[in-house]
There are 2 protein chains.
Amino acid sequence: MEVTTLEHSMDEPTRLMPTLEDCSITRQILDRVGDKWSVLIIVNLGAEALRFKELQRRSGGISQRMLTQTLRHLERDGIVWRKVTPTVPLTVEYGLTSLGESLLNPLTSLVEWVNRNNTEIAKARIGYDRQHETQE
Amino acid sequence: MEVTTLEHSMDEPTRLMPTLEDCSITRQILDRVGDKWSVLIIVNLGAEALRFKELQRRSGGISQRMLTQTLRHLERDGIVWRKVTPTVPLTVEYGLTSLGESLLNPLTSLVEWVNRNNTEIAKARIGYDRQHETQE
DNA sequence: CGGTATCCGCGTGGATACTG
DNA sequence: CAGTATCCACGCGGATACCG
């Protein structure tokens, strides 16, 4: 990976800036992370492997269709595994692969950033909205 | 770096992640990060403050409308600042606030994760697709 | 230069019904 | 239980035209 040394006058030391604009694959993965349910599913599976119905219950109001779709995408990307036990009725379990586990870390730091800064963001929004409510 | 095998016993009730499903604000920020252009804009502004046109040129094929919209959202959230200099013609500069700078870190780790694992993901996709191409 | 306004196609995702 | 199939509303985002 090429390292771009940036002369930051901020308190930040040198940071390597990964080029992302040229990798279409990066865009694709980011889209996956950014879609409506992926993060929630990954986090829920991060604690333990779960069956379909249980996963659905823990994921708030996700519909059956969206849960299936999201799981298929994540399975295709090698982030979750799927194990079918042919009992009657069927038992299907989902969990994170090692790749998925490794994704949990950057994802966690992102979620933690949000949790750390959500009040500041909320304040910023209020300030912005007040300043721009000249006329409605 | 190999994945630290975090083996969660099934009876382990404690969560290793902050709960995100109950915070609607978290969902909102994640949506922002996940939308088509935000990450690209933030990373581009991470290097240096930029004027509108220059930012547009560095952001590949983003349209004027989407760039404006994305910047307004990020400004509202307190992630980027906007400075207007009333020259003729107008000079408008955008940059990251300290909040935005702090977001750069988790974002970078996420992008780096993608860069580290994109080949593995690509392989996983090929394998999945081959296994599921029963008929086309 | 740095936007806003308008139109519109297309994909995302919800609701519902049905299957193995 | 764990899906698939179908229909459809909504909003994202592109293209284009115009403004201060």
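Throughout, protein chains are lettered first and strands after them, A, B, ... in sequence-line order, and every chain is numbered starting at 1.
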| said: I need the A:S59 OG to A:E54 CD distance, nearest 0.5 Å. | reply: 9.5 Å
| task | Check whether any side-chain N or O of B:Y94 sits under 4.0 Å from OP1 or OP2 of C:dC1, and answer yes or no. | result | no
| note | Residues in residues 72-85 of chain B with a heavy atom under 4.0 Å of DNA chain C, by number, are B:R72, B:R82
| task | Applying side-chain contact (heavy atoms from CB on, under 4.5 Å), run through A:L40 and B:L30 and close with a yes or a no. | result | CA-CA 10 Å; A:L40 186 56; B:L30 249 34; over 6 Å; no
| message | When you compare the side chain of A:V92 with that of A:T85, does any pair of heavy atoms fall below 4.5 Å? | response | no
| remark: Rounded to whole Å, the CD-P distance (B:E54 to C:dC1) equals 11 Å
| field | Distance-only side-chain donor-acceptor flag, A:D35 / A:S38, under 3.5 Å | value | yes
| request: Report the residues that fulfil side chain to side chain contact (heavy atoms under 4.5 Å, CB included) with B:R65, sequence neighbours left out, ordered by chain and then residue number. | output: B:S63, B:Q69
| Got a sec, which residues hit side-chain hydrogen bond (donor to acceptor under 3.5 Å, both in side chains) with A:R76, two or more places apart in sequence or on another chain? | B:D129
| What are the 5'-most and 3'-most nucleotides of DNA chain D lying under 4.0 Å from any heavy atom of chain B? | D:dG13 to D:dA15
| Protein proximity profile, nucleotides 13-19 of chain C - base contact B, sugar-phosphate-only contact S, no contact -, cut-off 4.0 Å on heavy atoms | BBB----
| said: Between A:Q28 and B:R125, is there a side-chain donor-acceptor contact under 3.5 Å, judged purely by atom types and distance? | reply: yes
| So, do A:Y128 and B:E75 sit near enough that their side-chain heavy atoms are less than 4.5 Å apart? | yes
| Are A:W113 and B:L107 close enough that some pair of their side-chain heavy atoms sits under 4.5 Å apart? | no
| said: Do B:E93 and B:W81 make a side-chain contact, defined as non-hydrogen atoms from C-beta onward lying under 4.5 Å apart? | reply: yes
| task | Check whether any side-chain heavy atom of A:L99 sits under 4.5 Å from a side-chain heavy atom of B:I121, and report yes or no. | result | yes
| message | If the helix axis at each end comes from five base pairs, how far does the helix from C:dC1-D:dG20 to C:dG20-D:dC1 deviate from straight, to 10°? | response | 50°
| message | Main chain of B:F52, side chain of B:R57: is a donor-acceptor contact present, judged purely on distance under 3.5 Å? | response | no
| message | Please check: side-chain N/O of A:T70 versus main-chain N/O of A:W37, any donor-acceptor pairing under 3.5 Å? | response | no
